[in-house]
Amino acid sequence: MSFPTSNLSGLNILRDVHDKANQALRTTATATIVVPPVFDVDISHTEDSVRLGDGTNFITSTSVSGKTAIDVNTLNTGSTLTVHNLFLALNTVEYTFSIPINTKRINLKSRIGGKLKINFNASISTSFISIPSGAVFYQDNLLTQTLNTLYVQSSLNGDTLEIMLII
């Protein structure tokens, strides 16, 4: 007489999970992996080594007395400040001033408080920028590559345009 086998016997388990066609074990499982959308990367200057660059050209550094600093090259090695006064005798006349090549910044101001009309490289009869009485006009990052002309007119007779250039 034989005893009935249990569904949990070793032979029944192996028979149920074995896939003869693929010579593998059959499994049914579902896995869910949760990846956080934001994570922090902690880099320590005492424990990690990081190279900055484009993969070919890397930023260099210099170490002095156990401290390391990134080498920095500057493009602007120096500037010259020049001041000019342009006399604006009549309020009905348009005057011009040549802005030198490589000018980086320009400041404009009426000495006696006239309202100014200015334009760069075009007559103020077509379009202009209005500078209110007592205001200072300035423009940074000019980096002029060619000679430019400033066109200006004051609302007052006998005014003087104060021009400061950084070249």
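As the structure is a prediction and not an experimental result, all values here were calculated from the model. All values below were derived from every heavy atom in this structure, side-chain atoms included, with hydrogens, water molecules and symmetry-related copies excluded. The first residue of the sequence shown is numbered 1, and numbering continues consecutively from there.
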Are [X] and [Y] packed together at the side-chain level, in the sense that at least one heavy-atom pair is separated by less than 4.5 angstrom?
X: Leu116; Y: Phe137; value: no
X: Tyr151; Y: Ile124; value: yes
X: Ile118; Y: Leu161; value: no
X: Lys115; Y: Ile131; value: no
X: Ile106; Y: Tyr138; value: no
X: Val152; Y: Leu108; value: no
X: Met164; Y: Leu81; value: yes

Item to check | In one Ile/Leu/Val/Met/Phe/Trp/Tyr side-chain cluster, 4.5 Å: Tyr95, Phe128 | outcome: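 No; tracing contacts between hydrophobic side chains, which count when under 4.5 Å, never links both residues.
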Checklist entry - Side-chain heavy atoms under 4.5 angstrom apart, residues restricted to Ile, Leu, Val, Met, Phe, Trp, Tyr: same cluster for Phe97 and Val93? => result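 Same hydrophobic cluster.
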Show the nearest heavy-atom pair for residues [X] and [Y], with the distance to one decimal.
X: Pro100; Y: Ile167; value: CG-CD1, 3.8 Å
X: Lys109; Y: Val136; value: CD-CG2, 3.9 Å
X: Phe87; Y: Asp159; value: CD1-O, 3.5 Å
X: Ser79; Y: Ile166; value: CB-CG2, 3.6 Å
X: Ser154; Y: Gly114; value: OG-CA, 3.8 Å

Checklist entry - Do we see a donor-acceptor contact under 3.5 Å between the side chains of Ser123 and Glu94? => result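 Short answer, yes.
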Next on the checklist: Between Asn85 and Thr160, is there a side-chain donor-acceptor contact under 3.5 Å, judged purely by atom types and distance?
Outcome noted: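 The criterion, which ignores hydrogens and geometry beyond distance, is not satisfied for Asn85 and Thr160.
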Checklist entry - What do the steps show when you test Asn91 against Asn157 for side-chain contact (heavy atoms from CB on, under 4.5 Å), and what is the final call? => result CA-CA 5 Å; Asn91 66 353; Asn157 288 329; 3.2 Å; yes
Can you measure from [atom1] ([X]) to [atom2] ([Y]) and round to the nearest 0.5 angstrom?
X: Thr103; Y: Leu165; atom1: OG1; atom2: CG; result: 5.0 Å
X: Thr149; Y: Ile99; atom1: OG1; atom2: CD1; result: 7.5 Å
X: Thr96; Y: Leu86; atom1: OG1; atom2: CG; result: 7.5 Å

